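Down below is the structure, laid out as structure tokens.
For clarity, every value in this text was computed on a predicted model and none was experimentally measured. Along the sequence shown, residues are numbered consecutively beginning with 1.
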Amino acid sequence: MCDEKVNRCECINKTFEQLKGFENLAAAQKATGCGIECEGCLPYLKLMFASGETAFDLEDPRLADYQ
Ligand code: FES
């Protein structure tokens with residue numbers, strides 16, 4: 001099993017640590033385009049703004065609440 005953490009938007013090549021500086025998801029999306037290309041990182045971005053954490057297990061059980 002892969003133990004790599006999800007910690008970035010691959011499409012715009014920015015880490016959650018960098019994106020966390022924005023006030024909220026909408027502001028981050030507007031400024032950087034994160035989470036709008038493949039949308040693969042979108043649940044993680046939502047979880048990041050909710051939790052303040054910047055690295056997540058691929059199958060973090062909390063993601064169910066942030067689809
Ligand atoms: S990884 Fe973030 S939109 Fe594709």
task = Return the minimal non-hydrogen interatomic distance between Cys34 and Ile12, and the atom names on each side.
result = CB-CD1, 3.4 Å
From Leu58 atom CG to Tyr44 atom OH, the distance as rounded to the nearest 0.5 Å = 4.0 Å
request  = Rounded to the nearest 0.5 Å, what's the gap from OH on Tyr66 to CZ on Phe49? Could you check?
outcome  = 12.5 Å
key: From CD1 (Ile36) to SG (Cys9), nearest 0.5 Å   = 8.5 Å
Interatomic distance, Gln29 atom CD to Leu42 atom CG [nearest 0.5 angstrom] = 6.0 Å
message = Return the OG to NZ distance between Ser51 and Lys20, rounded to the nearest 0.5 Å.
response = 8.0 Å
query = Do you know which of Asn13, Thr54, Thr15 makes side chain to side chain donor-acceptor pair (under 3.5 Å) with Arg8?
reply = Asn13
ask   = Under the side chain to side chain contact (heavy atoms under 4.5 Å, CB included) criterion, do Phe22 and Lys30 qualify, and how do the steps go?
value = CA-CA 10 Å; Phe22 290 95; Lys30 196 168 176 209; over 6 Å; no
query = Does the side chain to side chain contact (heavy atoms under 4.5 Å, CB included) test come out yes or no for Val6 and Cys41, once each step is laid out?
reply = CA-CA 8 Å; Val6 179; Cys41 65; 5.7 Å; no
query = To the nearest 0.5 Å, how far apart are CG in Leu63 and CG in Asp60?
reply = 5.0 Å
ask   = Heavy-atom count around Gln67 CD within 6.0 Å, excluding the residue itself: above 12?
value = yes
key: Any side-chain heavy-atom pair of Leu25 and Lys46 under 4.5 Å   = yes
Stepwise side chain to side chain contact (heavy atoms under 4.5 Å, CB included) test for Phe56 and Asn7 = CA-CA 6 Å; Phe56 304 98; Asn7 68 352; over 6 Å; no
ask   = Is Glu53 paired with Arg62 through a side-chain N to carboxylate O contact shorter than 4.0 Å?
value = yes
